[in-house]
Amino acid sequence: MLDERRPPAMNDPHPSPTPRRLFTAIFPDAAARAAIDAERQRWGGLPRRLRPAPDRMHLTLQFFNRVDASAQRSWSQALTALGFEPFRIVLDRAELWRTGSGTIAVLRSAPNPALQDLHRATDALAAQAGLQPEPRAFKPHLTTLRHAERVMLAPLAAPIAWTVRQVDLIWSDLAAQPPRYLRLGQFGG
């Protein structure tokens, strides 16, 4: 579940001396989340449990598995400089990807220069905070299902779009029961 509290970027309500799994992401609005969930319900061979839950679906810009408190503060501070004009993002196709932890179903973004620019800007801000950008090329996608080994995709009934107005900094707290996402700040727009 995504914790909807929106503390100021520099006021982490859960300070921790241990490194955290942090990522920046774009979350779809309620209408897009509903459309994404409806789309995946159309596919054959679904697992019993549909994960991620709709409120956790997002498009990741950057992910860092072990961020210490100092780097988190620096990254959050750097993100306060983020500015961009709102833009539309369109998810236009479904794909199955084989990963080290199993098969996932993803929705891919149509080519989008504004999204690429946002990724470059947030990468630069992460680097400014001392975090090393991922060496892999950015492949914009939204994970719709995990454990999708038996899933049979269908073409999307219609493209799914929403307007991107902000970037969220999220702590993926796997130690919580159940695991949860905590929003540490919202930036841009």
Side-chain angles (χ1 to χ4, degrees), residues 1-6 9 22-47 49-63 79-99 103-126 133-134 136-148 151-172 180-189:
M1 174 189 286
L2 178 64
D3 188 327
E4 289 295 328
R5 289 176 287 172
R6 293 184 172 105
L22 299 181
F23 62 92
T24 51
I26 300 165
F27 283 82
D29 61 27
R33 277 194 314 269
I36 292 164
D37 191 44
E39 207 48 61
R40 73 179 179 172
Q41 299 281 346
R42 295 178 49 242
W43 300 336
L46 294 176
R49 186 169 171 211
L50 300 183
R51 292 182 309 180
D55 67 332
R56 291 176 59 115
M57 289 189 228
H58 61 275
L59 190 149
T60 301
L61 295 169
Q62 287 81 29
F63 171 80
L79 285 166
T80 63
L82 181 65
F84 61 92
E85 291 296 318
F87 63 91
R88 301 249 331 139
I89 188 167
V90 178
L91 303 175
D92 64 356
R93 65 196 181 282
E95 297 177 358
L96 291 174
W97 289 2
R98 311 279 185 261
T99 71
T103 301
I104 61 173
V106 302
L107 294 181
R108 293 294 309 275
S109 167
N112 187 322
L115 178 58
Q116 292 293 333
D117 289 346
L118 180 59
H119 177 259
R120 277 190 290 277
T122 53
D123 240 10
L125 293 170
E134 263 199 79
R136 293 182 294 177
F138 179 53
K139 288 176 71 172
H141 68 280
L142 184 144
T143 300
T144 59
L145 278 175
R146 300 200 176 283
H147 308 292
V151 170
M152 292 164 283
L153 299 177
L156 278 90
I160 300 168
W162 76 92
T163 300
V164 175
R165 300 182 191 288
Q166 68 196 23
V167 170
D168 293 323
L169 177 60
I170 301 293
W171 168 24
S172 176
R180 63 186 174 173
Y181 287 170
L182 290 164
R183 182 176 282 121
L184 300 177
Q186 296 178 306
F187 305 93

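Numbering of residues begins at 1 and proceeds along the displayed sequence.
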Return the minimal non-hydrogen interatomic distance between [X] and [Y], and the atom names on each side.
X: Trp97; Y: Val106; result: CE2-CG2, 3.6 Å
X: Leu59; Y: Phe138; result: CD2-CZ, 4.0 Å
X: Asp92; Y: Ser109; result: OD1-C, 4.0 Å
X: Glu39; Y: Ala158; result: OE1-N, 4.4 Å
X: Leu22; Y: Leu184; result: CD2-CD1, 3.8 Å
X: Arg51; Y: Arg40; result: C-NH1, 4.0 Å

Cation over ring face, Arg183 and Phe27, 6.0 Å, 45°: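 The answer is yes; both the distance and angle limits are met.
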
Step-by-step side chain to side chain contact (heavy atoms under 4.5 Å, CB included) determination, Ile160 to Leu107: CA-CA 9 Å; Ile160 300 168; Leu107 294 181; 4.1 Å; yes

Measure the shortest side-chain to side-chain distance between [X] and [Y] over non-hydrogen atoms and say whether it is less than 4.5 angstrom.
X: Ile36; Y: Pro28; value: yes
X: Thr60; Y: Pro140; value: no
X: Gln62; Y: His119; value: yes
X: Arg108; Y: Lys139; value: yes
X: Val164; Y: Pro86; value: no
X: Leu61; Y: Leu118; value: yes
X: Leu145; Y: Ile104; value: no

Residues Trp43 and Gln41: side-chain donor-acceptor under 3.5 angstrom: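 Not at all, the side chains of Trp43 and Gln41 share no donor-acceptor pair under 3.5 Å.
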
ring-ring contact (aromatic ring centres under 6.0 Å, His included) partners for Phe63, two or more places apart: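 For Phe63, no residue satisfies ring-ring contact (aromatic ring centres under 6.0 Å, His included) once neighbours in sequence are set aside.
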
Leu79 and Leu169: CA distance, side-chain angles, deciding distance, side chain to side chain contact (heavy atoms under 4.5 Å, CB included) verdict: CA-CA 9 Å; Leu79 285 166; Leu169 177 60; 4.3 Å; yes

Heavy-atom donor-acceptor pair, [X] side chain to [Y] backbone, under 3.5 Å:
X: Thr144; Y: Ala105; answer: yes
X: Asp168; Y: Ile170; answer: no
X: Arg42; Y: Pro155; answer: yes
X: Arg33; Y: Asp55; answer: no

Glu85 atom CD, over 12 foreign heavy atoms within 6.0 Å: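 Counting neighbours around CD of Glu85, 12 or fewer heavy atoms of other residues, nucleotides or ligands fall under 6.0 Å, so no.
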
Greater than 12 external heavy atoms within 6.0 Å of Arg146's CZ: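 Not more than 12 within 6.0 Å, no.
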
Steps toward side chain to side chain contact (heavy atoms under 4.5 Å, CB included) verdict (Leu125, Leu82): CA-CA 8 Å; Leu125 293 170; Leu82 181 65; 3.9 Å; yes

Ring geometry between His58 and Phe23 (parallel below 30°, tilted from 30 to 60°, perpendicular above 60°):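 Phe23 and His58: parallel rings.
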
Near-ring test Phe84/Phe187, centroid separation under 6.0 angstrom: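 That pair fails the under 6.0 Å test.
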
Carboxylate-amine/guanidinium proximity below 4.0 Å for Arg120 and Asp117: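 The answer is yes: the pair qualifies as a salt bridge.
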
Intermediate values then yes/no, side chain to side chain contact (heavy atoms under 4.5 Å, CB included), Leu91 and Leu142: CA-CA 8 Å; Leu91 303 175; Leu142 184 144; 4.2 Å; yes

